[in-house]
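Have a look at the structure below, then the notes.
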Amino acid sequence: MRFEERYGEAVTDSAGKDDYEHHGGFPRYTPAEVGPEYGRLVDALRTLQDLAVSTAPTPEVIEDAAERVEALIDLLKPFAVPEGEQPAGRVLSLPGRGSLLMLPWTVEKFDAEGVRSRGMFRRYHLGGNGAAHGGTLPLLFDDLFGMIQHAYGRPISRTAYLHINYRKITPLDTELVVEGSVDKVEGRKTFISAVLKDREGTVLADCEALMVQLLKGQP
Ligand SMILES: CCCCC/C=C\C/C=C\C/C=C\C/C=C\CCCC(=O)SCCNC(=O)CCNC(=O)[C@H](O)C(C)(C)COP(=O)(O)OP(=O)(O)OC[C@H]1O[C@@H](n2cnc3c(N)ncnc32)[C@H](O)[C@@H]1OP(=O)(O)O
């Protein structure tokens with residue numbers, strides 16, 4: 001089922017509707033409605049991030065670029081909004097839900113049985129010698145786990161631990177797939193695991209985590 005269709009639907013009864021409404025002290029997040037220009041902006045900014053970490057321009061070009069970026073900052077600054085009101089992270093149809101922080105991956109399965117997402121690590125995510133930075137994998141898994149527990153019907157929880165086994169080098173610019181599901185629920189605790197594979201099915205990394213349901217008002 002598509003991510004957008006699934007979001008907000010009745011989910012498993014593991015948490016119960018009342019619990020599900022309690023997201024600790026979190027603001028209530030809702031999906032954002034945006035026009036195609038938003039995806040265009042995020043896409044351009046992602047390419048800019050790639051270029052920012054992969055180019056060596058002349059001083060004149062650097063100065064020109066700095067001025068243009070400063071002009072962009074001046075353009076956007078008056079539109080700052082509190083957490084939960086920005087489209088970034090809330091546009092379910094965009095890679096990484098339109099958040100520059102998230103990996104630009106696309107969710108292709110989102111239900112109580114699990115979540116699967118597909119995409120690439122890009123030049124922006126380079127660690128060394130052509131491989132993705134080791135710190136970008138926990139980001140991918142942690143966000144996936146947030147979606148998994150959400151799709152399963154668990155209230156917003158925080159990651160208590162996240163254990164990654166790096167099995168093989170994770171390449172850039174190569175389509176990969178990550179998939180995971182809830183293993184068990186014990187009271188406030190949700191145990192989740194996931195695997196990152198290449199197109200041939202080779203396991204690049206696997207990960208398990210504990211997410212703990214927040215108590216009412218908990219940050
Ligand atoms: C966006 C809207 C658009 C639609 C979105 C669409 C889909 C959804 C997608 C995404 C979801 C949306 C949004 C997601 C939003 C937020 C997700 C936030 C995720 C994070 O932001 S992640 C940040 C990193 N994360 C932290 O910043 C945690 C810091 N930390 C703490 O906040 C506490 O530490 C806490 C709360 C974890 C626990 O604290 P606590 O006091 O409440 O509970 P306590 O310690 O009693 O633990 C209870 C039981 O867990 C066991 N336990 C605890 N820790 C353990 C460990 N490490 N190892 C083994 N067992 C452990 C205990 O042993 C006990 O077990 P038992 O009950 O059996 O004794």
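In each ligand, atom 1 is the first atom listed, and ligand 1 is the first ligand listed.
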Subject >> Part of Lys189 with heavy atoms under 4.0 Å of ligand 1, whether side chain, backbone, both or neither >> reply: side chain

**OP:** Run down the list Phe145, Tyr161, Tyr29 and name the one with the heavy atom closest to atom 56 (C) of ligand 1.
**Re:** Tyr161

Original post:
Judged by non-hydrogen atoms, does Leu92 sit under 4.0 Å from ligand 1?
Top reply: yes

Original post:
With backbone taken as N, CA, C and O and side chain as the heavy atoms from C-beta onward, which portion of Gln218 lies under 4.0 Å from ligand 1: side chain, backbone, both, or neither?
Top reply: side chain

**OP:** For residues Ile148 and Ser181, report the shortest heavy-atom separation together with the two atoms involved.
**Re:** CD1-N, 3.7 Å

**OP:** Using distance alone, with no hydrogens and no angle criterion, decide if Tyr38 and Glu33 have a side-chain donor and acceptor under 3.5 Å apart.
**Re:** no

Original post:
So is Arg97 polar-close to ligand 1, meaning N/O to N/O under 3.5 Å?
Top reply: no

Subject >> Subset of ligand 1 atoms that lie under 4.0 Å from at least one heavy atom of Gly89 >> reply: 1 (C)

Original post:
Mind checking whether Asp142 has an N or O less than 3.5 Å away from an N or O of ligand 1?
Top reply: no

**OP:** Indicate, with yes or no, if Leu176 and Phe141 share a hydrophobic cluster defined by side-chain heavy-atom contacts under 4.5 Å among Ile, Leu, Val, Met, Phe, Trp and Tyr.
**Re:** yes

**OP:** Please report the shortest heavy-atom distance between Lys109 and Glu179, naming the atom on each side.
**Re:** CD-OE2, 4.0 Å

Original post:
Which one of Gly187, Pro31, Ala160 has a non-hydrogen atom at the shortest distance from atom 37 (C) of ligand 1?
Top reply: Ala160

Original post:
How does Leu210 reach ligand 1, if at all, at less than 4.0 Å between non-hydrogen atoms: by side chain, backbone, both, or neither?
Top reply: side chain

Subject >> Region of Val212 that comes within reach of ligand 1 [heavy atoms, distance under 4.0 Å] >> reply: side chain

Subject >> Donor-acceptor under 3.5 Å (Ser54 side chain, Asp50 main chain) >> reply: yes

Original post:
Relative to the heavy atoms of Ser157, which atoms of ligand 1 are at a distance of less than 4.0 Å?
Top reply: 17 (C), 18 (C), 19 (C)

**OP:** Could you check which of Leu214, Asp143, Thr159, Val91 puts a non-hydrogen atom nearest to atom 26 (C) of ligand 1?
**Re:** Thr159

Original post:
Should Met120 and Leu137 be regarded as members of a common hydrophobic cluster, given that ILVMFWY residues are connected when their side-chain heavy atoms come within less than 4.5 Å of each other, either directly or indirectly?
Top reply: no

**OP:** In plain terms, say whether Asp143 and Arg97 are close enough for a salt bridge, that is, a side-chain N and a carboxylate O under 4.0 Å apart.
**Re:** yes

Original post:
Taking the side chain from Asn165 and the backbone from Arg167, do they hold a donor-acceptor pair closer than 3.5 Å?
Top reply: no

